[in-house]
Engineer: 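The structure under discussion is supplied below as structure tokens; questions concerning it will follow.
Counting begins at 1 with the first residue of the sequence. Reckoned from all heavy atoms, side chains included, excluding hydrogens, waters and symmetry mates.
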Amino acid sequence: MAEPARTAPTPAALRRSMFDRHRWERALLSSDVSIPARAVGLVLAHHAATTAGYLQPGGPQCPDHLARETHISPAGVRRALTALEDAGLLTRPDIHTWRARRVWPVTLTLPPAARPAEAGGERTEPPNPQAVS
């Protein structure tokens, strides 16, 4: 009997398995970004939960759309997006190389400090002071 053909996971499937909304939100809330940036980040996480952390060009990350959802001015939303990008919580194409006239795509990312330790690596959280020795 012939063995069934095995297929490699697609990039979308790999990206879907790598995005953890809960971990991303924890990283956002423990970061030093402003409260408006946190509000924008939480709305982005809500929309990105079903898209593996990737928001396509022209998606809900439009500053006008985010301004309506968060009650923050469009200029404040743009500042918040820049703050999230500077904190390593999202990536966008370079403004100088993005040719499209529509809203940039956004990928939610974890900053290096929030990434899980390698398998078998050191624990990243402080020890529990109440643990019994």
Engineer: Checking R92 now: which residues fulfil salt bridge (Lys or Arg N to Asp or Glu O under 4.0 Å) with it, not counting sequence neighbours?
Structural biologist: E85
Engineer: With sequence neighbours excluded, give me every ring pair (Phe, Tyr, Trp, His ring centres under 6.0 Å) pair touching residues 72-93.
Structural biologist: none
Engineer: Locate the shortest heavy-atom distance separating L89 from P111; write the atom from each residue and the value.
Structural biologist: CD2-CD, 3.5 Å
Engineer: Between W24 and L108, is there a donor-acceptor pair closer than 3.5 Å when you use the side chain of the first and the backbone of the second?
Structural biologist: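 No, because the side chain of W24 does not come within donor-acceptor range (under 3.5 Å) of the backbone of L108.
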Engineer: Working to the nearest 0.5 angstrom, can you tell me the gap between L81 CG and Q61 CD?
Structural biologist: 8.5 Å
Engineer: Once rounded to the nearest 0.5 Å, what's the spacing between atom CH2 of W104 and atom OG1 of T91?
Structural biologist: 11.0 Å
Engineer: Show me the donor-acceptor pairs, under 3.5 Å and distance only, between side chains in residues 39-46 and residues at least two apart or in other chains.
Structural biologist:
none

Engineer: What residues, two or more places apart in sequence or in another chain, satisfy side chain to side chain contact (heavy atoms under 4.5 Å, CB included) together with A83?
Structural biologist: A37
Engineer: Can you list every side chain to side chain donor-acceptor pair (under 3.5 Å) pair that touches residues 26-40, not counting sequence neighbours?
Structural biologist: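 Matches after skipping sequence neighbours: H22-R26.
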Engineer: Please enumerate all residues that pass side chain to side chain contact (heavy atoms under 4.5 Å, CB included) together with Q56, with sequence neighbours excluded.
Structural biologist: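 Partners of Q56 by the side chain to side chain contact (heavy atoms under 4.5 Å, CB included) criterion, ordered by chain and then number, come out as Y54.
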Engineer: Does anything in residues 63-72 pair up under side chain to side chain donor-acceptor pair (under 3.5 Å), and if so which pairs, sequence neighbours excluded?
Structural biologist: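 Counting only pairs at least two positions apart or across chains, the side chain to side chain donor-acceptor pair (under 3.5 Å) contacts touching residues 63-72 are H47-E69, H65-E69.
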Engineer: Nearest 0.5 angstrom please: L110 CG to L28 CG, how far?
Structural biologist: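 Going from CG on L110 over to CG on L28, the span is 10.5 Å.
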Engineer: Within the 4.5 Å heavy-atom criterion, are L66 and P60 side-chain neighbours or not?
Structural biologist: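 Contact flag for L66/P60 side chains = no.
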Engineer: Between A67 and S73, what is the shortest heavy-atom contact and its length?
Structural biologist: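 Taking A67 first and S73 second, the nearest heavy atoms are CB-C, 4.0 Å.
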